Amino acid sequence: MAFFADHPGATTSRIHAVAGDVAAPPTDEELGATVMDMLRRSGVLDASLIDQGSPTGSVMARTLGLPSHSGLEAECVNVTVSLPRDRLLVRARRSQGPGGGFVGSGLPARELDPDSPAAVVGAAVREATMEALTVSASVLRPAGSWKGAHPGGPSIPGGGVVTVRRAPEGWTVTARIGARGSESATASTSVAQAPSDASFEDLGRAVTQVLGQKDEDLRPGDEDPAGGERQVLVEADEDGLTIYPQAISGDTGIWDVPAHPDLRELPRQASLTDVGQAVSLMADEQTEWG
């Protein structure tokens with residue numbers, strides 16, 4: 001559920017319901033009835049109902065038994081149902097993978113009469129869910145893939161900044177000295193390597209191993225300031241990771257960090273696989289620079 005549905009300021013609330021389970025999926029009628037009940041309870045709600053999240057994830061992740069919100073983004077899809085005026089709109093959304101959230105799918109919305117039977121609403125939601133699975137297929141991991149791979153506690157250090165550079169021969173993770181506020185600063189001698197075909201878990205392990213080192217423990221190192229084909233900046237703090245795209249500066253000819261809104265955020269409860277996938281996806285994205 002959300003405040004101000006389909007509004008730029010929409011915020012997830014703590015009001016929720018579960019329809020069916022793995023052993024007994026809901027019928028179209030049960031699913032539709034649950035959706036319509038939630039829709040009737042939505043709107044401009046008291047701020048005390050905002051889902052503030054917790055160290056163990058969002059209310060959605062906890063309700064589904066997932067260890068973190070990044071796990072939800074990696075294994076689940078999202079459909080929105082809204083009621084603007086006299087139309088009931090059902091839209092599939094696309095998952096962008098760990099740290100990327102859910103965005104519009106580009107597919108047309110299903111328009112229903114607000115008085116449609118619950119079974120009709122449920123069928124529309126189910127069809128939109130299948131569409132969401134299709135458009136999100138490139139980033140989704142198998143359901144339950146987090147089991148056995150999740151540490152059960154924070155896997156991400158509470159501080160540190162690294163750059164992750166991709167080149168044909170593999171990945172290079174470099175701790176930065178004096179880097180704060182989306183600045184890459186100086187490369188250090190603290191470096192980890194991962195092959196180009198490294199698993200997400202192995203890439204995430206390389207990132208987290210280099211993160212968390214104090215500036216006073218780092219020594220300046222040498223690197224080609226324009227090397228590699230893609231580079232991202234990863235900052236860790238007490239809340240988790242923020243992953244920024246980087247670009248070669250047209251002025252200096254080296255990797256730079258312009259302020260850019262296209263970033264990924266991971267909680268400290270994210271798994272190593274979440275970290276590696278988020279970094280890899282950020283490196284793959286064709287970011288538009290103004």
Side-chain angles (χ1 to χ4, degrees), residues 70 73 94 96-101 103-104 138-139 156-198 200 202-266 270 274-290:
S70 57
E73 294 167 332
R94 177 172 59 88
Q96 297 192 106
V103 297
S138 64
V139 300
I156 296 172
V161 181
V162 302
T163 50
V164 186
R165 180 177 293 182
R166 188 182 69 192
E169 61 271 20
W171 300 87
T172 301
V173 184
T174 306
R176 316 305 295 193
I177 300 172
R180 291 295 181 270
S182 307
E183 295 181 356
S184 55
T186 304
S188 76
T189 56
S190 181
V191 176
Q193 306 281 347
S196 57
D197 60 351
F200 292 146
D202 287 344
L203 178 57
R205 181 175 294 108
V207 172
T208 56
Q209 284 178 344
V210 179
L211 274 169
Q213 302 182 61
K214 297 179 180 179
D215 275 4
E216 56 264 32
D217 296 331
L218 298 173
R219 298 291 178 267
D222 294 321
E223 70 172 2
D224 179 354
E229 56 188 19
R230 298 302 296 268
Q231 182 167 294
V232 299
L233 180 76
V234 183
E235 291 185 348
D237 60 26
E238 60 183 12
D239 295 320
L241 292 185
T242 304
I243 304 171
Y244 299 90
Q246 295 194 290
I248 295 289
S249 169
D251 297 325
T252 64
I254 65 174
W255 289 105
D256 200 358
V257 195
H260 202 284
D262 288 348
L263 51 82
R264 289 175 181 265
E265 294 180 305
L266 297 177
D274 292 338
V275 175
Q277 186 177 11
V279 168
S280 180
L281 288 170
M282 180 61 82
D284 284 339
E285 290 174 0
Q286 298 300 314
T287 305
E288 296 293 332
W289 300 89

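For the single chain, residues carry numbers from 1 onward in sequence order. The structure displayed is predicted, hence computed values, not measured ones.
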Student check: side-chain heavy atoms of [X] and [Y] closer than 4.5 Å:
{"X": "T174", "Y": "V162", "result": "no"}
{"X": "S190", "Y": "D217", "result": "no"}
{"X": "E265", "Y": "L241", "result": "no"}
{"X": "I243", "Y": "L263", "result": "no"}
{"X": "V164", "Y": "T172", "result": "no"}
{"X": "W255", "Y": "R165", "result": "yes"}
{"X": "I248", "Y": "I254", "result": "no"}

With no hydrogens and no angle check, is any side-chain donor or acceptor of [X] less than 3.5 Å from a backbone partner on [Y]?
{"X": "Q277", "Y": "V139", "result": "yes"}
{"X": "E73", "Y": "G99", "result": "yes"}
{"X": "S196", "Y": "E169", "result": "no"}
{"X": "S280", "Y": "G276", "result": "no"}
{"X": "R230", "Y": "A283", "result": "yes"}

Nearest atoms (heavy-atom pairs only) where [X] meets [Y]:
{"X": "V210", "Y": "A192", "result": "CG2-CB, 3.4 Å"}
{"X": "V232", "Y": "M282", "result": "CG1-CG, 3.3 Å"}
{"X": "D274", "Y": "A270", "result": "OD2-CA, 3.7 Å"}
{"X": "L211", "Y": "V234", "result": "CD2-O, 4.1 Å"}
{"X": "R219", "Y": "I177", "result": "C-CD1, 3.7 Å"}
{"X": "G221", "Y": "T189", "result": "CA-CG2, 3.7 Å"}

**Study point:** Exercise: do R176 and T163 side chains pair donor with acceptor under 3.5 Å
**Key:**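 Note: R176 and T163 side chains meet the donor-acceptor criterion.
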Exercise for review: Carefully, step by step, assess W171 and V279 under the rule side-chain contact (heavy atoms from CB on, under 4.5 Å).
Suggested key: CA-CA 11 Å; W171 300 87; V279 168; 4.3 Å; yes
Practice item. Under the side-chain contact (heavy atoms from CB on, under 4.5 Å) rule, what do E235 and L233 come out as? Steps first, then yes or no, please. Key: CA-CA 7 Å; E235 291 185 348; L233 180 76; 4.2 Å; yes
Check your understanding: Roughly how far, to the nearest 0.5 Å, is OG1 of T242 from CG of D237?
Key ->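 Reported value, rounded in 0.5 Å steps: 6.0 Å.
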Check your understanding: How far does CG of D239 sit from CG of L266, to the nearest 0.5 angstrom?
Key ->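 The CG atom of L266 is 12.0 Å from CG of D239, to the nearest 0.5 Å.
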Check your understanding: Listed by chain and number, what are the side-chain hydrogen bond (donor to acceptor under 3.5 Å, both in side chains) partners of R264, not counting sequence neighbours?
Key ->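 R264 satisfies side-chain hydrogen bond (donor to acceptor under 3.5 Å, both in side chains) with E285 once adjacent residues are dropped.
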Practice item. Please identify each residue that fulfils side-chain hydrogen bond (donor to acceptor under 3.5 Å, both in side chains) with R205, with sequence neighbours left out. Key: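 Scan of R205 (side-chain hydrogen bond (donor to acceptor under 3.5 Å, both in side chains), adjacent residues dropped) gives E201, D202.
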Point to revise | Set of salt bridge (charged side-chain N to carboxylate O under 4.0 Å, His left out) partners for R166, sequence neighbours left out | key: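 Listed in chain order: E229, D284.
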